[in-house]
Amino acid sequence: MIETWRLDCTHQSLVLVSSLNAMPAIVYYGDRLPDEENLEELAKASQMDVTGGMLDENPSLSICPEASHIFPGQQGMVVRNQEGKLLLPKFKLQSVDHNETHLIITCRDDENSLTYIANFECYDFSNMVVCFAEIKSDEPIHLSWLSAPVFPAPQQASHMFDFSGRWIDEFQINQVPWTMGVHLRENFTGRSGHEHFPGLIIPHQNTTNRSGQAIGFHYGWSGGHRMVAEQLPDGRRQVQFGNASNSELLASTQFKTAPLYVTFSKNGLNGIGKSYQRHVRKYIVKIPPKSEPRPVHYNCWEAVYFDHNIEELKEIASLASKLGAERFVLDDGWFGKRNDDTTSLGDWWLDEVKYPDGLTPLIDHVKSCGMQFGIWFEPEMINPDSETYKAHPNWLLGKADQIQGRQQWVLDMALQEVQNYLFNAISKILTENDISYIKWDHNRVLPYSDAAQIRGTYKLINRLTASHPEVEIESCSSGGGRSDFGMLEHTQRVWLSDSNDAIERLKIQHNSALFLPSKVTGSHVGPRHCHTSGRVLDIELRAWVAASRHMGFEMDPRELDERERKILSEICAWWKDNRHWLMEANILRLDVDDKAIIAEQQLAEDGERFVVFAGMLESSKQILPRPLCLTSLERNAYYEVTLKNKDSAPKLSRGSPFLKHQTLKLSGAYLMQQGLNLPWQFPQNIWVIEGKKL
Ligand code: DGJ
């Protein structure tokens, strides 16, 4: 007996099959199938042959592959009973709850008293399947591993893209070939981290940014994940995502994975990026009304570090507001005795030496400049040198003899008293002061992987948000160390990187756009002399790179000369004029056969306008720029195209490409096929091209 189910979005279909009441398997995931497709035939068609040296049947690559079925690869769950005995589950389909957008599959293993539940939901607007798995047991069990529903990976792919990174260089893309066996990414750091962003993209052969098929995966969990991309001896491929193995430290009768976000594209990697960006904007982040439209930020970290002086901060605030800032963020250094990073984390009360009359004089000044006020916390951390640690040495996660990170330890967020303490301390600051924003930092890895830790953090944030719904929270973890959708379900912005070097930032932003929309991606204009790279970059490049995401400044505005102030104010004004559509636009990566160029097109949701940012990292190999081909325009529509910063052409650009002087009116077909001739430019510059549909 065969049972079949399908879930459809306009642009994708997912088909599951169960034969003889076995655990169901995904037999199709990809481009939308015709409505009339006979799913029983499709199930039969998915049967593979058997030959010498094989079992007499191919064990099912189900949504939770079972060792008891002699599955020749990684199993979907590894559990032990209280005595430590490994259980070998053998599930039978028990019930299915299915409608147009939902599929809930329940399987039961009576012998081991286990129930497995897989939950799928599809979202048409974002072309997304969101799924998770749950295991329930009559008796407490120990969980080593539970995968979200397992997907077969395409056979038409020769490689996959996954992500790594480091401090000030997040979102590096790795191209990994499919070979026999397992490609494993396992992150035991207890945070999603710079090193292991929980994402995977599997492009078909010849897929580019603009064309071809691909499948994207993102695991929405901030506590460290495990990813298995495995090719079985028979050639089949599977993808598993779940919490890092053995991160459940206690036995329980119930475990659940985080949501796995899966999307199919036939429009290249941009189809993947667009789906994730749309999904985050529409279904994940909830932005408080005060934070709309997205205000221009000023953050004082790289201006003053720990050296807080009210009069100086007021002066900085006044200058920042004149440049266009709308929210002033007081970073690290305002609490306890925090004069450097060796002390006071955990002591979340005001430093009365720096702020003898409280925060009010500074906040009043900030508000008189027309800005909102935001403040920095690092709630999950504690310094040995803090009053809170001395009073509560038992609040640590792990032992006090562990290696420290930035001279700090981690609090055990699963402890209710820790959550209560932090809730009360943060809530007090928020209640006593007019604060619209928290930068929520997290500057070290955990001593060990512990899923309860991140559940405690989520709980604390939920509680704070319920009491202070008007406050926006930014997720920061030494820059982009926690930029996953789990965090974005609880916060509204990510501090993508501590690198304010516009050249580095361009690369990080470009890759992160495969998952993150502009609206949640913070980007600040850093100091002229970059503090993390030592590079000196022109204000125009720095400002445009920040203006290509949620814009802010982070330099000391007193360092700016007149030209820099003028350019920064103008670009900031441009960003404000455009943010109503830019913050809802989709970032599309452009294909350029020139390693010196990183180019992206931000296209309004209604397709009526776009802006292209074409950054030149270095000198090109060929003399002149290659024409830049755009994407996702209407072939037969006409667009008015203008080079926004034409005045930036240097003297060495001696010719007259039309855009240098005038506006062009061209069809979508031409713009996508032939592309735009841009003027020659020095390296470390950026062209900004605006387009409007006529
Ligand atoms: C690390 C963050 O990434 C920085 O932006 C800054 O907030 C510092 N922490 C403060 O200690």
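All heavy atoms count here, side chains included; hydrogens, waters and symmetry mates do not. Both ligands and their constituent atoms are indexed starting at 1 by order of listing.
Note: an N/O pair closer than 3.5 Å links Trp376 and ligand 1 by distance alone. Polar contact with ligand 1: absent for Glu554 (N/O pair, distance under 3.5 Å). The N/O atoms of Gly479, backbone and side chain alike, include one that comes under 3.5 Å of an N/O atom in ligand 1. In terms of polar-atom proximity, defined here as any N/O pair under 3.5 Å, Asp331 does make such a contact with ligand 1.
Judged by the shortest distance from any of its heavy atoms, His442 lies outside the 4.0 Å radius around the atoms of ligand 1.
In Asn299, neither the side chain nor the backbone holds a heavy atom less than 4.0 Å from any atom of ligand 1. Only the side chain of Arg406 comes within 4.0 Å of ligand 1, judged by heavy-atom distances.
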In a table with atom names and distances, give each donor-acceptor pair under 3.5 Å that connects a side chain of residues 391-400 to protein atoms at least two apart or in another chain.
{"unit_1": "Trp395", "atom_1": "NE1", "unit_2": "Glu417", "atom_2": "OE1", "d": "3.4"}

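Salt-bridge annotation for Lys519 and Glu584: present, with a side-chain N of the basic residue lying under 4.0 Å from a carboxylate O of the acidic one.
Listed by number with element, the atoms of ligand 1 under 4.0 angstrom from any heavy atom of Cys476 are 2 (C), 3 (O). Within ligand 1, the atoms closer than 4.0 Å to a non-hydrogen atom of Trp495 are 3 (O), 5 (O), numbered from 1 in the order shown.
Under the 30°/60° scheme for interplanar angles, the aromatic rings of His218 and Phe485 are found to be tilted. Using a 30° and 60° split on the angle between ring planes, His490 and Tyr458 fall in the parallel class, below 30°. Between His297 and His550, the ring planes lie perpendicular to each other; the angle is over 60°, past the 30° to 60° tilted range.
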Given ring pair (Phe, Tyr, Trp, His ring centres under 6.0 Å), test Phe515 with Phe197 step by step and report yes or no. CA-CA 10 Å; Phe515 299 92; Phe197 178 77; 4.9 Å; yes
Passes ring pair (Phe, Tyr, Trp, His ring centres under 6.0 Å), Tyr421 versus Trp348? Steps please. CA-CA 10 Å; Tyr421 166 73; Trp348 299 114; 8.8 Å; no
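At the top of the distance list for atom 5 (O) of ligand 1, counting protein heavy atoms only, stands Lys439 NZ, 2.7 Å. Looking at atom 2 (C) of ligand 1, its nearest protein heavy atom turns out to be Asp441 OD2, 3.2 Å. For atom 11 (O) of ligand 1, the closest non-hydrogen atom of the protein is Asp332 OD2, 2.6 Å. Nearest protein neighbour of atom 4 (C) of ligand 1, counting heavy atoms only, is Asp498 OD1, 3.5 Å.
Both cation-pi conditions hold for Arg505 and Trp495: the charged atom is under 6.0 angstrom from the six-membered ring centre and inside a 45 degree cone around its axis.
The distance from atom CZ of Arg542 to atom CD of Gln684, rounded to the nearest 0.5 Å, is 11.5 Å.
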